[in-house]
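The next block holds one structure in the form of structure tokens; read it before the comments.
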Amino acid sequence: MACLWAARLWELPNIARVSLLLRRQSAVEDLQEAGGVRLHEAEMETLAAVQGQHIPLIDTAISYLLVCTKAQDAEKAIASVAHCFTPDTKIVLLQNGIKMQQHISQAYPSHKVYALSTSQGAYLHAPFDVVHAGFGQSYLGLLSPSAANESTSPDTLLHALPVQRMNIHWDANITSRLWIKFAINCAINALTVIYNCKNGELLHHPQSLRTLRALCEEIQLILNRTPTSPSIDNLFQQVEAVLLATAENISSTLQDARKGQPSEFIHFNPYLCELAQSQKIENPVNEQVIARFSTSFAKLAD
Ligand code: KPL
């Protein structure tokens, strides 16, 4: 995602400089050698002359920070560049889940923290060589209360983003959208790992379909009793619609399992379990999914 966004930002005429902030110096050198980020889209190929900066060496002010890490790495990533923030720095979070977003917007009360939820699809061919595979929708909105009071309109931020190329829409209630996406991720992602299948296949097998229905009922019950969550109706129907629309996709969690990489799972069903416990609600289906997930993930990652 970071490469896709960097290449799309680089295309904008009004953006002075786009840098990829990288953890390893060797990655900075690889990017320099590649001449930037190569972006493939349909039959087109572009080389975006994006620069890399090694995080420990960064000392210039950051105007906009797009955080493209996994949810569990976001907080540390932001802290590692916080010394370059000015009072006007805008932070945009692109992670799945809901816990981390709430946490970061509270941890940076004097900054404007936004969340961006996207269904744009991208994958890496090779390092810094990205394919923009699926043209989806992106929704952007304010998370932090301080930002809600700011005098600048969302136009300021939208003007600095590739609104057309990334199909970005302003969402005045992004938190609701994140909660619903969280519910959908809790329903789909772990099951695709347990059944080791494409999204759409969850609907085809009686066993996975039965678990999916039971899990959706439980998620809906837990979230409808969670004070900070919006009320959710017909979760199964919403999940079914996503599964049909993304039938051929491999969920992000299954992709991670197959590559043996850490996934964002801890921010899905285990957080749902925390929410259930705090409302004193039993969540046997979810607990079983969590237990089965760990074994299935380990087997796939082996
Ligand atoms: O967001 C997704 C993911 O893979 O993380 C879903 C909605 C499951 C689509 O693949």
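All values reported here derive from a predicted model rather than from experimental measurement. Start at 1 and go down the list; that is how both ligands and their atoms are numbered.
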Determine whether the aromatic ring centres of residues His40 and His125 are separated by less than 6.0 angstrom. yes
So between Asn199, Asn249, Asn189, whose heavy atom ends up nearest atom 10 (O) of ligand 1? Asn199
Can you tell me which residue and heavy atom of the protein come closest to atom 5 (O) of ligand 1, and the distance to 0.1 Å? Ser252 OG, 2.5 Å
Are the aromatic rings of Phe293 and Phe265 close, with centres under 6.0 Å apart? yes
Which ligand 1 atoms, with their elements, are less than 4.0 angstrom from a heavy-atom of Asn185? 1 (O), 2 (C), 3 (C), 5 (O)
Is there any salt bridge (Lys or Arg N to Asp or Glu O under 4.0 Å) pair reaching into residues 53-65, and which pairs are they, with sequence neighbours excluded? none
Linking I/L/V/M/F/W/Y whenever any side-chain heavy atoms sit under 4.5 Å apart, do Phe128 and Leu124 land together? yes
Under the ring pair (Phe, Tyr, Trp, His ring centres under 6.0 Å) test, residues paired with His159 that sit two or more places apart: none
Identify the closest protein heavy atom to atom 7 (C) of ligand 1: which residue and atom is it, and at what distance? Val242 CG1, 3.8 Å
Ligand 1 versus Thr192: contacting region, heavy-atom distance under 4.0 Å: neither
So the atoms of ligand 1 within less than 4.0 Å of a heavy atom of Lys181 turn out to be 1 (O)
With a 4.0 Å cut-off, would you call Lys198 and Glu201 a salt bridge? no
Ile188 neighbourhood, listing ligand 1 atoms whose heavy-atom distance to it stays under 4.0 Å: 8 (C)
